[in-house]
Amino acid sequence: MRKLIFLLLLLFSMSFCGCGNTSYLETKTAKTESDGVIEGEEQDTDLIYVQIDGAVKKPGVYKLPADSRVFLLVEKAGGLKEDAADSELNLAELLTDGQKLTVLTKKELKEQKKTAEESGTKADGKVDINRADQDTLTTISGIGPSRAAAIIAYREENGPFKKTEDITNVSGIGDSTYQRIKDKITV
């Protein structure tokens, strides 16, 4: 009974002194909103958030200064794993807010290049008109399904194209079409 009375007195005195109103944590984290700005929360536009995953030791989302480069993000993520395809990574590239960076393993990079070559797309993004299937050919702006079929039929009848200009020999592809697509194709 004495303990109960003591506790009640203690609680009463704490509330009387103002100690019971809010805790230290509540006052430190209290936030109010006025005119779209949250008070108590730092509005720092000099920071960006960037996600990194793949062949790094600690994948995740990291808060960095706005002028950060890829090498800093990699450092924050604990560095690259041994099998990372670092030759394809531009460590000097400037990061942007909300960016996601995936670091491939050497095996994944090799498979990705193989898949691209099999579909008729080169590493530089150009479509190999000697190897591309119909779906890949239609990814070229101005080449629809019928022109893609004509390209395939032409190369089956006449053999592979020797130079990109030879595509103008395909029915329905003239000089104007060639001028539009010449930077997107290769042999």
Side-chain angles (χ1 to χ4, degrees), residues 44-170 172-173 177-187:
D44 197 347
T45 56
D46 296 333
L47 295 174
I48 59 172
Y49 292 87
V50 185
Q51 182 177 353
I52 187 168
D53 62 9
V56 291
K57 293 178 182 171
K58 296 187 296 187
V61 176
Y62 292 92
K63 181 168 56 170
L64 299 165
D67 59 349
S68 295
R69 308 258 175 194
V70 170
F71 76 90
L72 184 60
L73 177 62
V74 170
E75 284 176 11
K76 285 271 194 183
L80 298 172
K81 291 183 178 178
E82 283 186 36
D83 63 342
D86 57 344
S87 64
E88 297 294 313
L89 198 57
N90 180 0
L91 294 172
E93 182 181 351
L94 193 62
L95 296 168
T96 58
D97 189 44
Q99 182 178 352
K100 180 181 179 189
L101 181 68
T102 301
V103 180
L104 298 176
T105 63
K106 291 173 184 170
K107 181 180 177 183
E108 290 169 333
L109 180 63
K110 189 176 182 179
E111 289 173 4
Q112 190 178 63
K113 285 183 176 181
K114 182 180 176 187
T115 302
E117 282 182 18
E118 287 172 355
S119 71
T121 304
K122 298 282 186 173
D124 60 4
K126 292 184 177 183
V127 175
D128 184 338
I129 57 176
N130 284 324
R131 300 180 60 165
D133 60 13
Q134 186 168 350
D135 290 336
T136 304
L137 287 168
T138 60
T139 64
I140 304 168
S141 180
I143 303 295
S146 62
R147 284 190 180 165
I151 292 169
I152 293 169
Y154 179 87
R155 91 181 168 214
E156 286 174 355
E157 290 174 22
N158 301 292
F161 296 98
K162 292 186 182 16
K163 54 188 182 203
T164 58
E165 296 87 12
D166 292 344
I167 200 167
T168 58
N169 296 330
V170 175
I173 300 179
T177 301
Y178 173 71
Q179 291 302 317
R180 283 195 317 262
I181 67 171
K182 69 181 181 181
D183 295 330
K184 297 172 182 76
I185 61 174
T186 189
V187 292

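This structure is a prediction, so every number in the text was calculated from the model and none was measured. Hydrogens, waters and symmetry mates play no part in the numbers below; they use all other heavy atoms, side chains included.
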Taking distance alone, no hydrogens or angles, what donor-acceptor pairs closer than 3.5 Å link side-chain atoms of residues 56-74 to residues at least two apart or in another chain?
| residue | atom | partner | partner atom | Å |
| --- | --- | --- | --- | --- |
| Tyr62 | OH | Lys58 | O | 2.5 |
| Ser68 | OG | Pro65 | O | 2.7 |
| Arg69 | NH1 | Ala92 | O | 2.9 |

Which atoms form the tightest heavy-atom contact between [X] and [Y], and what is the distance?
X	Y	result
Thr105	Glu108	N-OE1, 2.8 Å
Ala84	Val103	CB-CG1, 4.0 Å
Thr177	Gly172	OG1-O, 4.5 Å
Arg155	Ile129	NH1-O, 2.7 Å
Ile48	Asp97	CA-OD1, 3.4 Å

Distance check, rounded to the nearest 0.5 Å: [X] atom [atom1] versus [Y] atom [atom2]?
X	Y	atom1	atom2	answer
Ile151	Asp166	CD1	CG	12.0 Å
Leu80	Ile52	CG	CD1	7.0 Å
Glu111	Lys106	CD	NZ	15.0 Å
Leu137	Ile152	CG	CD1	5.5 Å
Ile143	Gln134	CD1	CD	11.5 Å
Leu104	Leu109	CG	CG	6.0 Å

Any donor and acceptor pair, going by atom type alone, linking the side chain of [X] with main-chain N or O of [Y] inside 3.5 Å?
X	Y	answer
Arg180	Ser141	no
Asn130	Phe161	yes
Arg147	Ile173	no

Evaluate whether atom CD of Gln179 has more than 12 neighbouring non-hydrogen atoms of other residues, nucleotides or ligands under 6.0 angstrom away.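 Enclosed.
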
One pair to check against side-chain contact (heavy atoms from CB on, under 4.5 Å): Asp53 and Lys100. What are the steps and the verdict? CA-CA 8 Å; Asp53 62 9; Lys100 180 181 179 189; 3.0 Å; yes

Side chain proximity check, Tyr154 to Ile167, heavy atoms < 4.5 angstrom: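 Contact flag for Tyr154/Ile167 side chains = no.
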
Would you say the side-chain atoms of Asp135 and Thr138 include a donor-acceptor pair closer than 3.5 Å?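 Result is no, nothing qualifies.
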
Thr186 versus Asp128, side-chain donor and acceptor atoms under 3.5 Å: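 Per modelled atom types, Asp128 and Thr186 side chains form no pair under 3.5 Å.
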
